[in-house]
Amino acid sequence: MQANQTKIIIVENLVKKFGSFIANDNLTFDVAKGEIFGFLGANGAGKTTAMKILCGLSHPSSGRVTVAGYDIYSQTEKIKRSIGYMSQKFSLYEDLTVYENFRFYGGIYGLSRSMILDQTQRLLSRLGMSDYKDRVIKTLPLGWKQKLAFSVAIIHKPAIVFLDEPTGGVDPVTRRQFWDLIYENAHEGLTVFITTHYMDEAEYCNRLSIMVDGRIKALDTPSALKERFSCNSMQEVFIRLARN
Amino acid sequence: MKAFIKKEIYHIFRDYRSMLILFGMPVVQVLIFGFAITNEIKDAKVTILDQSGDVLSNRFVSKLTASGYFKADRALDHPSQIEPAFREGRVKQVIVIPSGFGADLGLHKQVTIQILGDASDPNTANMLKNYTMAVLNAFQMQEMGMQALPVDVRVEPIMYYNPELKGVYMFVPGTMAIILMLVSAMMTSISIAREKELGTMEVLLVSPLRPWQIIVGKVIPYVALSFVNALLILSLGWFVFGVPIIGHKGFLMLEVLLFIIMSLSLGIFISTVSPTQQVAMLLSMFALMLPTILLSGFIFPIENMPVFLQWISNLMPSKWFIIIVRDVMLKGSGIAYLWKETLIIFGMTIFFIGLSIANFKLRLE
Amino acid sequence: MECRVRSDYNIRLMIRISDVEKHFGDVTALDKVTLSVQRGELFGLIGPDGAGKTTLLRIIASLMIPDAGSTLVAGHDVVKDFAKIRQMVGYMPGRFSLYQDLSVLENITFFASIFKTTLEENYDLIRDIYVQIEPFKHRQAGKLSGGMKQKLALCCALVHRPELLILDEPTTGVDAVSRIEFWDILNRLKAMGITIIVSTPYMDEASLCERIALIQGGHLLSIDTPAAVAASFPHSLFSVKTDNFFLLLTHLREWSATFSAYSFGEYVHFTPTSETITERDIMSFLVEKGHSETHVTKTQPTIEDSFMYLMMKKQNQYAG
């Protein structure tokens, strides 16, 4: 199924060392356009390191990586233009209004005034928050902020969005609304690269990679993984892989 | 309590930045101030225009050149040479000995020695003038015995500050005030604020430790460190720059200790009102360091400030501390002369301790 | 009378909270919270960020004064008798709050000494945890992995053998494996007679507690055993799966017979508006919408189902 789709992230033999410590040991994987790719691993397994490399924030020690068709060594600026990033810690300015935040981030990516306005209207109406355009961020509930942070991350219409534990600490209803948002955008062709500690969320991904001690221990669809390890849930799969 | 102190010492010694501030700063500051001030004088050229050329004026000139305070030579022959010499920047001061110097002096007549200073650098000019006057005074004593002669020295340039000769040594008390303030107040306020920021304060509050135990435990290592620092500054002053300590050394140490405790209570007060290390740092910087440097009389003499600022300078603990240290070190004064200043610092200590106790919170906001 | 009631608390109840309120400016963090925890109980406070968990735990730890209501810990009032409470409570705040620049051993020794005890004295209590971090005892706390930090923080909170252990989100940001190990440890501590109140945003951890309180927006939604909370879900529940997850959710939400449809792993948990709707009805609706590989089965509600139901109910109450 993936074979005839465009590969938007290609990682071949990626190695990242810090001194004698090997954070990423020979990673090889690819992500297809429009895919929701789950990137799981225990604390300290090397997820963050790999994610930083893919975002163009750090160079690998060796290996070949292309993101959105650009080379990770020589074209990091182009990569940064074609990706969006959102982490658990919000990147929104609490004392600015919703629109001011959109305008700021849109401005960073060089969007024109009218385009920022268009995008803001489109993204807010999708969230059902059009009436809140001029509200100051800090007066909004946590779940809304998280959804807004996601929208801000995709204001420049990136090809890929990286989400680093985006749903930590959010109530179960909002968490699901957040995933609805992810699904909607993936449906329109956005590629989603996501890390999470919630194992039920792992099941929502098209494919999953599970990292243990700097290596990818397993990579497949959630159902194939459960079948292969004869487990009933991703939680069990994860524990089995991470424990030994 | 012992464990608390031990923990605090670990914190200090494991953070190379705080170590650098603690021990690097005083050394660097003393050396910078010390060398900057003494070198300015030592390298300054003083030229003498001796219009008299008699035995007495010769003796005066050789005393000037031998003083070692500055490079003095007899290079001018005519008053018209004075201005070009200044303009070329070759000399910083010209001493003009009038003709008939020896003769008039012998007749107990009034003699006018003219000291011309380059006021474009008033600091140096003033110090050079002071040195020259000191040499002149010594010369007078030596030549005429105890009998004071009406030698009238007129000084041409307008000087801005440091009217006392001993001003050269001011950098030791001044640096000491800054360093003790920095180490004691800034470091304690930051270290208490850090516990708040990290959330460890929460755990300490929930423990049976009393607030005063937390504070005393925090403060004791800094008392010790500040004291070591004070000794370091004094010995640097003594060994490297020859700054004397004329007064009673024990008394000086007690005054230093009092000032340390004052600064610590100020630091604790700052920490009770700042939620984060950054706030503590900024507060210490702007509320303590800048006023200490600018208003304590260390760099800008208080008597030349506008009345309003003079008034404010009275609120600077470091102003009183600098007076105490200067007088003890350089004049040899004791408690009989300095009780007022001591009492002021003591009062400030009580005030800040009280304020900190009133402000210290047993709970989170 | 007063005396008798107090001793009664001492015997059975570790925590007694009645009508506690706390406001921060115009934000209500806790709204008339009433709750009690038995001695020896492992009690879970389950809710998302900003629900009021931390505020409630801080009030119990005597770190915060409630605006209204009373809180007794082992019969002592948290406002007046805070000194007594601080002797008997072990508290682990949400953030990793140990001294990062001190080693593992130095941290433990320090926290032992402020309670005037030693590691050796209460070694039996923390041995199980301590042996896991012992290999790193000379490493600075800041250089430990997430799971190790958690264990060290627990050691430090336990070193004075507290009667009540208050843990604020000990497993947040910790991976699934470390979380399971952490809960094993809590169960062992409970077996040693320590009362534990622990907060968590992870619904799946709720089932590991004896009793739980669901908290959201400063309100307690429900207090009961995990099984009873799950069983309190008042509707029938189906788990549904088809070949297209996204369209499945979209179609179910558009359906007039839908009360709620939430994703649960690879399934959608579907609640109909009427109890008369059966598997067959759902199946035929989905086939009509063009789904294939359709699976519909009746399923048991989980705590998360109950939480979402109660949360929406509360919100609708407020909305009108």
Side-chain angles (χ1 to χ4, degrees), chain A residues 36 40-45 47 88 138-139 141-143 145-146 165 167-180 182-188 195-206 210-212 221-223 226 232-244, chain C residues 26-27 46-51 53 94 144-150 169 171-181 200-204 214-217 221 241 244-250 253 260-269 302-312 315:
Chain A
I36 302 173
L40 309 185
N43 299 117
K47 280 179 303 183
Q88 194 176 16
K138 65 181 166 201
T139 62
L142 180 79
K145 288 188 212 168
Q146 234 138 353
E165 291 186 34
T167 55
V170 179
D171 72 71
V173 175
T174 312
R175 203 149 65 80
R176 284 168 175 80
Q177 290 170 349
F178 193 87
W179 271 94
D180 291 347
I182 293 177
Y183 264 106
E184 260 177 63
N185 282 285
H187 203 68
E188 291 166 11
T195 70
T196 179
H197 279 314
Y198 291 97
M199 286 303 138
D200 59 330
E201 292 187 345
E203 312 248 11
Y204 307 153
C205 300
N206 297 122
I210 299 178
M211 269 185 89
V212 180
T221 63
S223 49
K226 280 186 285 189
N232 288 318
S233 67
M234 275 317 298
Q235 172 99 3
E236 287 174 43
V237 174
F238 182 79
I239 288 164
R240 175 171 299 197
L241 282 169
R243 271 229 167 125
N244 52 41
Chain C
D26 46 2
V27 179
I46 320 289
D49 285 2
K53 301 189 300 286
L144 294 174
S145 72
M148 286 296 165
K149 280 182 182 170
Q150 227 68 23
E169 297 202 21
T171 54
T172 294
V174 174
D175 67 72
V177 175
S178 303
R179 268 160 60 190
I180 286 175
E181 288 173 3
T200 176
Y202 298 102
M203 299 286 154
D204 56 333
L214 302 185
I215 183 169
Q216 158 75 13
L221 299 174
K241 187 182 169 184
N244 190 319
F245 192 84
F246 177 63
L247 285 178
L248 169 65
L249 261 177
T250 318
R253 281 182 188 157
S260 68
Y262 292 118
S263 49
F264 264 80
E266 56 185 323
Y267 295 94
V268 171
H269 277 191
T302 65
I303 290 163
E304 199 158 359
D305 289 302
S306 290
F307 190 99
M308 288 193 283
Y309 169 75
L310 293 167
M311 179 179 156
M312 293 318 277
Q315 272 177 15

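- Salt-bridge check for A/Lys47 with C/Asp175: failed, with every basic side-chain N at 4.0 Å or more from each acidic carboxylate O.
- Distance check, rounded to the nearest 0.5 Å: CG of A/Asp200 to OH of C/Tyr202 gives 11.0 Å.
- Using a 4.5 Å cut-off between heavy atoms, A/Val173 touches chain C through backbone and side chain atoms alike.
- The parts of C/Phe264 that come within reach of chain A are both its backbone and its side chain, each placing non-hydrogen atoms under 4.5 angstrom from that chain.
- Interface residue C/Phe245: only side-chain heavy atoms are found under 4.5 Å from chain A.
- At a 4.5 Å heavy-atom cutoff, the contact between C/Gln216 and chain A is made by side-chain atoms alone.
- Proximity to chain A involves both the backbone and the side chain of C/Ser263, based on heavy atoms less than 4.5 angstrom apart.
- Here the CG atom belonging to C/Asp204 is positioned 8.5 Å from the OG1 atom belonging to C/Thr171, to the nearest 0.5 angstrom.
- For chain A, the nearby part of C/Met203 is the side chain; its heavy atoms alone come within less than 4.5 Å.
- A/Asp171 is not listed as a side-chain neighbour of A/Leu142, based on a closest heavy-atom distance of 4.5 Å or more.
- Counting heavy-atom pairs closer than 4.5 Å to chain C, the top-ranked of the candidates A/Arg175, A/Arg176, A/Gln177, A/Glu203 is A/Arg176.
- The residue among C/Gly47, C/Pro48, C/Gly217 with the most heavy atom pairs within less than 4.5 Å of chain A is C/Pro48.
- For the atom pair OG of A/Ser223 and CE of A/Met234, the computed distance is 10.0 Å after rounding to the nearest 0.5 Å.
- Proximity to chain C (any heavy atom under 4.5 Å) is shown, for A/Pro172, by both the backbone and the side chain.
- With a 4.5 Å cut-off on non-hydrogen atoms, A/His187 touches chain C through its side chain but not through its backbone.
- The minimum heavy-atom distance linking A/Ala42 with A/Phe238 is given by the pair N-CZ, 3.7 Å.
- With chain A as the partner, the residue from C/Ile180, C/Val174, C/Thr200, C/Leu249 showing the most heavy-atom pairs under 4.5 Å is C/Val174.
- Between the side chains of A/Thr167 and A/Glu201, at least one donor N or O sits under 3.5 Å from an acceptor N or O.
- Between C/Phe246 and A/Tyr183, the ring-plane angle classifies as parallel under the 30° and 60° cut-offs.
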